[in-house]
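Being a predicted model, the structure only gives us computed values, none of them experimental.
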Amino acid sequence: MLYRLGLYLFNLYFYVLFFLFSAIVISVLTVAVTLLGLFFLPPRKTLQYFRRSISLYGKTIMALPFPFIRIRYERPAQKGPQEPYIFVCNHRSAVDAFLIGVLPHEVVQIVNVWPFRIPVLGIYARFSGYLNIRMMPRDQFMQKATRLLSEGVSIIFFPEGTRSTTGEMGNFHGAAFRLALETRTPVVPLCISGTEKIFPKGSSLLRPGTVRIRQLAAIPWNDYKELTAFAFKNRVWKILDGELAKMENRV
């Protein structure tokens, strides 16, 4: 009973902060982007600042419930191919999209239908160039994604397509790997652990806990150029699954 009461109070605290912070940030961001785009910066530079502001927004949202929810981001020493990258992530919770804000890159996410339906945030996602692979022909998707990469924008994929309810990864769709093969872009596996416990699928209540995000070394073109998209996606699946098992002491 006391735990349940504490959980409700924690969520009341978080959601009040979430809506207040979102209202302020969205208003300020709208004005700032409008002024920058109209009077100061070219469209490409405006979009760059806008995308980085969205990442900062997501990162801050996930920091609001600290110390009840802690985020730990681990990345390798900077070596090998530089950005842009294709990030391939496992997917266990709706908050995974906010966690991408920890990445120090200009990014665009490949999303399902539902993020575009979120009031205001859905409009911002469209404006920043987020792509819905389900709502466009393959050729159009590849063309837009290739252009983003050519502009130095990294692309985030959740290739399972939906959140896992068991903690085990589902099969990967192949779009991220076809794009990598066509554009010769380095692929970065990104492991996300713990979100399934703090915001489980089917619940609107956050729970205290720790989220770990582990960025693995980039896989350069030379390491996968001989593979088919099918073989490459299975290879990355095994890399992610093995690393998650280590993170969660399952091996």
Over 60° means perpendicular and under 30° means parallel, so classify the ring planes of F10 and F68, tilted if in between.
->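 F68 and F10: tilted rings.
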[Y] side chain reached by [X] side chain, heavy atoms, under 4.5 Å:
{"X": "V236", "Y": "I219", "answer": "yes"}
{"X": "S154", "Y": "V107", "answer": "yes"}
{"X": "C191", "Y": "L216", "answer": "yes"}
{"X": "Y57", "Y": "S22", "answer": "yes"}
{"X": "I156", "Y": "C89", "answer": "yes"}

Please answer whether the main-chain N or O of [Y] pairs with a side-chain N or O of [X] as donor and acceptor at a distance below 3.5 Å.
{"X": "R92", "Y": "K197", "value": "no"}
{"X": "W237", "Y": "F232", "value": "no"}
{"X": "Q215", "Y": "P76", "value": "no"}

Taking ring-ring contact (aromatic ring centres under 6.0 Å, His included) as the test, write out the residues that go with Y73, two or more places apart.
-> none
Got a sec, which pairs hit side-chain hydrogen bond (donor to acceptor under 3.5 Å, both in side chains) with one end in residues 137-149, sequence neighbours left out?
-> R138-E182
Which pairs with one or both residues in [range] pass salt bridge (Lys or Arg N to Asp or Glu O under 4.0 Å), sequence neighbours excluded?
{"range": "residues 51-73", "result": "R51-E106"}
{"range": "residues 220-245", "result": "R214-E243"}
{"range": "residues 93-102", "result": "none"}

Over 12 non-hydrogen atoms of neighbours within 6.0 angstrom of OH in Y15 | yes
With a cutoff of under 4.5 Å between side-chain heavy atoms, which Ile, Leu, Val, Met, Phe, Trp and Tyr residues group with V16?
-> L12, L20
When Ile, Leu, Val, Met, Phe, Trp and Tyr are grouped by side-chain heavy atoms lying under 4.5 Å apart, directly or through other members, which residues fall in the same group as L5?
-> L9
Show which side-chain atoms of residues 202-211 pair as donor or acceptor with protein atoms under 3.5 Å away, not counting sequence neighbours.
from : atom 1 : to   : atom 2 : distance (Å)
S203 : OG     : L205 : N      : 3.1
S203 : OG     : R207 : NH1    : 3.2
R207 : NH1    : L205 : O      : 2.8

With sequence neighbours left out, what residues match [X] under side-chain hydrogen bond (donor to acceptor under 3.5 Å, both in side chains)?
{"X": "Y49", "result": "none"}
{"X": "S193", "result": "E248"}
{"X": "E160", "result": "none"}
{"X": "S93", "result": "none"}

Could you grab the distance from atom CG of L56 to atom CD1 of I61, nearest 0.5 Å is fine?
-> 10.5 Å
Between CG of L131 and CZ of F141, what distance do you get to the nearest 0.5 Å?
-> 6.0 Å
Given H105 and F87, is the ring pair (Phe, Tyr, Trp, His ring centres under 6.0 Å) satisfied, shown in steps?
-> CA-CA 11 Å; H105 307 282; F87 287 93; 5.5 Å; yes
Write down the atom of R75, the atom of P104, and the distance for their closest heavy-atom approach.
-> NH1-CG, 3.3 Å
